[in-house]
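First up is the structure itself, then whatever we jot down about it.
From a predicted model like this one, the values you see are computed outputs, not experimental measurements. One is the number of the first residue; the rest follow in order along the sequence.
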Amino acid sequence: MFLVTGATGGIGRTVVRLLREQEKQVRAFVRLTSRYSELEQRGANIFIGDLRQEKDIQKACQGVQYIISAHGSGGDALALDYRANIELIDSAKANQVQHFVFISVLGADRGYEDAPVFKAKRAVERYLETSGLNYTILRPSGLASDLLPLAERFRETGFYLLVGDPKNRTSTVSTDDLARIIVDSVTVEAARNQILSVGGPEILMREDIPKIISRIFNREPLIINPPLLAVDGLRGALGFFNPQAQKALGTFRTLLANEFFCTREEIAKLETTFNFELETLESFLRRRLAV
């Protein structure tokens with residue numbers, strides 16, 4: 001039995017689909033207010049709970065052999081990115097879970113002081129490494145599925161919003177490839193007790209992404225490129241009304257201000273370890289957008 005947290009999110013939903021295609025038993029941890037009918041239709045066992053509640057985590061972990069932590073924080077990094085994962089790890093130990101897969105973020109070890117999500121995930125990484133559990137920590141550089149709304153908006157309007165330095169490099173990974181790596185991590189020996197950077201096969205500049213989308217739709221892009229100062233201004237204004245949102249924007253700004261890409265050697269290691277060729281961003285977008 002696999003327990004998947006964040007099962008209705010972009011990563012979690014894809015992981016559940018892949019596991020069910022392999023006829024694996026899946027317990028999908030979901031919130032009552034989330035849309036989980038698709039998971040039910042795929043044959044997943046639905047566990048309705050709150051990751052902020054330790055008793056829910058303890059109950060969800062009973063009788064499972066593998067845990068995949070794929071949930072996000074929704075702006076509450078302390079409660080969800082940190083505490084919930086610590087409690088998941090403790091419950092995994094108590095239930096003698098065979099393997100724990102943790103989805104971190106590329107750059108978690110860089111010490112970004114203004115990014116709560118990065119700090120929380122690095123603290124969880126350290127805790128998992130010393131837990132005694134078999135684990136795989138995956139650090140994605142960015143999800144191709146996050147670009148689908150921007151691509152759809154471009155299809156409708158011709159506009160593309162690119163905040164910050166367009167020359168910053170990225171190696172966005174196909175969400176389907178990431179899901180495959182997550183699932184295979186519990187059985188691939190070379191992935192055991194490893195921290196792996198996960199990216200796509202190309203190192204792109206951020207300005208390359210609207211060019212790819214333009215090529216897909218055969219339409220010249222109208223790029224809107226506000227500076228990071230616009231985000232700083234918004235953060236300053238939010239500080240008076242919503243300090244939690246202001247902190248969450250710190251993570252967002254960190255993502256915009258820095259480069260997040262995997263080296264050629266890291267990509268080659270991924271492809272060798274998991275024995276498949278990673279999908280390009282253009283291929284992913286064409287397939288998902290049915291173009």
Are any of the side-chain heavy atoms of [X] and [Y] separated by less than 4.5 Å?
X      : Y      : result
Leu88  : Cys61  : yes
Phe2   : Val186 : yes
Tyr127 : Asn85  : no
Phe260 : Val105 : no
Arg264 : Ile203 : yes
Ile48  : Ser34  : no
Ser69  : Phe102 : yes
Leu285 : Leu148 : yes

Do NZ/NE/NH1/NH2 and the carboxylate oxygens of [X] and [Y] come within less than 4.0 Å?
X      : Y      : value
Arg155 : Glu152 : yes
Arg17  : Asp176 : yes
Arg286 : Glu282 : yes
Arg219 : Glu156 : no

Is there a path of hydrophobic side-chain contacts, each under 4.5 Å between heavy atoms, that joins [X] and [Y]?
X      : Y      : result
Phe284 : Leu143 : no
Leu39  : Ile182 : yes
Leu133 : Tyr82  : yes
Phe261 : Met205 : no

If you look at every heavy atom in [X] and [Y], which pair is closest and at what distance?
X      : Y      : answer
Leu106 : Ser197 : CD1-OG, 3.4 Å
Arg110 : Glu259 : NH1-O, 2.9 Å
Gly199 : Leu278 : O-CD1, 3.5 Å
Asn225 : Pro166 : OD1-CD, 3.9 Å
Val64  : Val97  : O-CG2, 3.7 Å
Thr8   : Arg35  : CG2-O, 3.4 Å

Problem set entry | Charged tip of Arg180 within 45° of Phe276 ring normal and under 6.0 Å | yes
Whether over 12 other heavy atoms sit under 6.0 Å from [X] [atom1]:
X     : atom1 : result
Glu23 : CD    : no
Gln25 : CD    : no
Arg42 : CZ    : yes

For this session: Decide side chain to side chain contact (heavy atoms under 4.5 Å, CB included) for Phe159 and Arg153; before the verdict, give the C-alpha distance in whole Å, the side-chain angles of both, and the deciding distance to 0.1 Å.
Result: CA-CA 7 Å; Phe159 287 97; Arg153 193 172 301 120; 5.9 Å; no
Looking at [atom1] of [X] and [atom2] of [Y], how far apart are the two atoms once the value is rounded to the nearest 0.5 Å?
X      : Y      : atom1 : atom2 : answer
Tyr135 : Arg192 : OH    : CZ    : 12.0 Å
Tyr36  : Arg31  : OH    : CZ    : 11.5 Å
Leu255 : Arg253 : CG    : CZ    : 11.5 Å
Leu3   : Phe29  : CG    : CZ    : 7.5 Å

For this session: Start with the C-alpha distance between Thr14 and Leu18, add both sets of side-chain angles, then the distance that settles side chain to side chain contact (heavy atoms under 4.5 Å, CB included), and finish with yes or no.
Result: CA-CA 6 Å; Thr14 310; Leu18 183 56; 5.8 Å; no
Exercise. Ser104 pairs by side-chain hydrogen bond (donor to acceptor under 3.5 Å, both in side chains) with which of Glu125, Arg139, Lys121?
Worked result: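 Passing option: Glu125.
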Exercise. Among Asn134, Thr136, Thr187, which residue meets the side-chain hydrogen bond (donor to acceptor under 3.5 Å, both in side chains) test with His99?
Worked result: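 With His99 as partner, Asn134, Thr136, Thr187 yield a single side-chain hydrogen bond (donor to acceptor under 3.5 Å, both in side chains), made by Thr136.
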Exercise. Val163 and Leu161: side chain to side chain contact (heavy atoms under 4.5 Å, CB included), yes or no, with the steps?
Worked result: CA-CA 6 Å; Val163 183; Leu161 179 63; 4.0 Å; yes
For this session: Decide yes or no on side chain to side chain contact (heavy atoms under 4.5 Å, CB included) for Phe274 and Asp177, but give the supporting numbers first.
Result: CA-CA 10 Å; Phe274 294 98; Asp177 284 353; over 6 Å; no
Exercise. Under 30°, 30 to 60°, or over 60°: which ring-plane class applies to Tyr112 and Phe118, parallel, tilted or perpendicular?
Worked result: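 It falls in the perpendicular class, over 60°.
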